[in-house]
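Residues: numbered from 1 along the sequence shown.
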Amino acid sequence: MKNLEFCGPMIRFYREQKGMDIGRICIQTGIQKPLYVELEKGKKEVLLSTWKRICDAVGIDFVYLFKNEDVYEELYKDSLHALLYDDMNEQQKLFVKLKEEELKQSILFPKFVLVRFIYEAMNKERPSDKLMGYLELFKDVYSLSEQCIYYDYYGFILQKAKQYDQAKKYYKKAEALATLEHKDMLYYHMGMLHYKLNEPLKALHYFRRAYGMFEKSWNINRLLYTHGSIGICYIRMAEFVLAKNQLEETIRLAQQYKNDYVISTTYDNLAFNSFKMRDYDTCIRYASKAIEKNTNYAYLYFYLSYSYLMLGKNDEASHWILASKQIDMDKAAQGMMY
């Protein structure tokens, strides 16, 4: 049987779900309380017969814990890969297969808690309290590579909450555990952190390191994001020509690999870069393309109206001023609906 290191934490999970007291389990099994506490933490190894005795006391089918173990192991690896490679189509297919109630009965449930944690860290402001509670039970028995991922994405959550000093601490913990295989996303997140701290040179350093690793692993989506991130560092450094060349190459690559999200955000960044260069014709071209891709940010309408005004095209400028007001009205109406 594999994954026995999760036996103790899984037993604790079931025991707490059922509201059972440790003392009662110790009396039924004849195991002394200090040893039992260590077992639940995953810090002691015992015979399979002892695990079975504990499972019987808690009301768990010990053998069923390991049912479909190989199938779930493969599903876990595929799910983790889809998340780290940001493959949205594959994520949707896999999450259909992840039936939580069935997974809770598997010894591999802690690994799927980590998968869900990464997903919610990427797609929500903060993972749910319920999920964080599960994670607290299992985090200490994850492998070193899984602990690295945990610290990395916990740092990312703190970064989104603008708790930058705390985020740095978690990134340092992740870096201490990381192999080359897991430093790509970590360096990407660290690049984002330094960009938000208005430290573009440090951000550029980490984005370049991440880019080289994404290139080696053929992680196309992350490669495209990082390529664009290098471009916005150049904008922050007022290296507008370098930024233009970098971002136009990002567009070419994103079109080649059909990543609409990167295309739309890069048109957005190219419009801003052109605006900073006072190249108003080019700004209009890229801002229009961004809006065509449903990137309806109010500042794009401002770029358009101001650029047309600078070119002496007052009617077009008025059109985009009115359009921006309509967007604000639409957002207000949506707010009232919800």
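Side chain of Lys289 to main chain of Ala271: no donor-acceptor pair is present (N/O by atom type, distance under 3.5 Å, no hydrogens or angles). Under the 3.5 Å distance criterion, the side-chain polar atoms of Asn68 are left unmatched by any main-chain donor or acceptor of Val71. Using a distance-only test at 3.5 Å, with no hydrogens or angles considered, no donor-acceptor pair links the side chain of Arg236 to the main chain of Pro200. Judged by distance alone, the side chain of Asn221 and the main-chain N or O of Asp86 form a donor-acceptor pair under 3.5 Å. With Asn219 contributing its side chain and Leu84 its backbone, the two residues share a donor-acceptor pair below 3.5 Å. Listed for the Thr265 side chain is a donor-acceptor partner under 3.5 Å among the backbone atoms of Tyr261. No donor-acceptor pair under 3.5 Å is formed between the side chain of Lys196 and the backbone N or O of Lys160.
Side-chain contact between Tyr154 and Leu158 is present, with heavy atoms from C-beta onward closer than 4.5 Å. Using a 4.5 Å heavy-atom cutoff, the side chains of Tyr234 and Phe240 are not in contact. You'll find the side chain of Asn259 reaches within 4.5 Å of the side chain of Tyr225, heavy atoms only. Residues Tyr195 and Ser229 have side chains not in contact (no heavy-atom distance under 4.5 Å, counting atoms from C-beta outward). In this structure, the side chains of Phe62 and Ile11 stay at 4.5 Å or more apart for every pair of heavy atoms. Side-chain atoms of Trp51 and Leu39, non-hydrogen and from C-beta on, do get closer than 4.5 Å to each other. Side chains of Leu65 and Tyr14 form a contact here, defined as non-hydrogen atoms less than 4.5 Å apart.
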Evaluation steps, side-chain contact (heavy atoms from CB on, under 4.5 Å), between Lys293 and Ile263 | CA-CA 8 Å; Lys293 290 285 184 181; Ile263 292 169; 3.9 Å; yes

Run the numbers on Asp56 and Lys52 for salt bridge (Lys or Arg N to Asp or Glu O under 4.0 Å), then give the verdict.
-> CA-CA 6 Å; Asp56 288 344; Lys52 186 176 185 311; 3.2 Å; yes

In sequence, state the C-alpha distance, the side-chain angles, and the governing distance for Glu248 and Tyr286, and then conclude on side chain to side chain donor-acceptor pair (under 3.5 Å).
-> CA-CA 11 Å; Glu248 285 181 343; Tyr286 284 128; 2.8 Å; yes

Verify side chain to side chain donor-acceptor pair (under 3.5 Å) between His227 and Glu249, making sure each step is shown before the conclusion.
-> CA-CA 8 Å; His227 201 283; Glu249 178 65 8; 5.1 Å; no

Would His189 and Tyr153 satisfy ring pair (Phe, Tyr, Trp, His ring centres under 6.0 Å), going step by step from the backbone distance to the final call?
-> CA-CA 9 Å; His189 289 152; Tyr153 279 87; 5.1 Å; yes

Stepwise, does the side-chain contact (heavy atoms from CB on, under 4.5 Å) test hold for Arg285 with Leu270?
-> CA-CA 9 Å; Arg285 179 158 59 89; Leu270 276 164; over 6 Å; no

Given the rule in the side-chain contact (heavy atoms from CB on, under 4.5 Å) test, do Phe207 and Met192 qualify, once you have shown the distances and angles that lead to the verdict?
-> CA-CA 8 Å; Phe207 283 140; Met192 291 173 65; 4.1 Å; yes

So Tyr257 and Leu223, side-chain contact (heavy atoms from CB on, under 4.5 Å) or not? Walk me through it.
-> CA-CA 11 Å; Tyr257 292 106; Leu223 188 75; over 6 Å; no

List the steps, then state whether side chain to side chain donor-acceptor pair (under 3.5 Å) holds for Glu40 with Tyr36.
-> CA-CA 6 Å; Glu40 279 200 350; Tyr36 182 83; 2.7 Å; yes

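Within the cation-pi definition used here (under 6.0 Å to the ring centroid, within 45° of the axis), Lys173 qualifies as a partner of Tyr170. Cation-pi geometry between Arg222 and Tyr85 is not met: the NZ or CZ atom fails to fall both under 6.0 Å from the ring centre and inside 45° of the normal.
The number of heavy-atom neighbours closer than 6.0 Å to CD of Gln32, taken from other residues, nucleotides and ligands shown, is 12 or below. Other residues, nucleotides and ligands contribute over 12 non-hydrogen atoms within 6.0 Å of the CG atom of Asn123. Residue-environment remark: CD (Glu45) stays at or below the threshold of 12 foreign heavy atoms within 6.0 Å. Counting heavy atoms of neighbouring residues, nucleotides and ligands inside a 6.0 Å radius, atom NZ of Lys18 exceeds 12 of them.
In terms of heavy atoms, Ala178 sits closest to Lys183 at CB-CG, 3.5 Å.
In this structure, Tyr150 and Phe117 have tilted ring planes: the angle between them lies in the 30° to 60° band. Between Phe138 and Phe13, the angle of the ring planes lies from 30° to 60°, which puts this pair in the tilted group.
For Arg116, there are no salt bridge (charged side-chain N to carboxylate O under 4.0 Å, His left out) partners two or more places apart in sequence or in a different chain.
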Side-chain donor-acceptor pairs of residues 139-149 under 3.5 Å, sequence neighbours excluded:
from, atom 1, to, atom 2, distance (Å)
Tyr142, OH, Pro110, O, 2.5
Ser143, OG, Ser145, OG, 3.2
Ser143, OG, Glu146, N, 3.3
Ser143, OG, Glu146, OE1, 3.2
Glu146, OE1, Ser143, N, 3.0
Glu146, OE2, Tyr76, OH, 2.9
Glu146, OE2, Lys111, NZ, 2.6
Gln147, NE2, Tyr142, O, 2.9

Can you give each donor-acceptor pair under 3.5 Å made by side-chain atoms of residues 302-312, sequence neighbours left out, with the distance rounded to 0.1 Å?
from, atom 1, to, atom 2, distance (Å)
Ser305, OG, Tyr301, O, 3.1
Ser305, OG, Phe302, O, 3.0
Ser307, OG, Tyr303, O, 2.7

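Of the candidates His205, Lys168, Glu199, His194 forms a side-chain hydrogen bond (donor to acceptor under 3.5 Å, both in side chains) with just one, namely Glu199.
When only modelled atom types and interatomic distance are considered, Gln159 and Tyr171 share a side-chain donor-acceptor pair under 3.5 Å.
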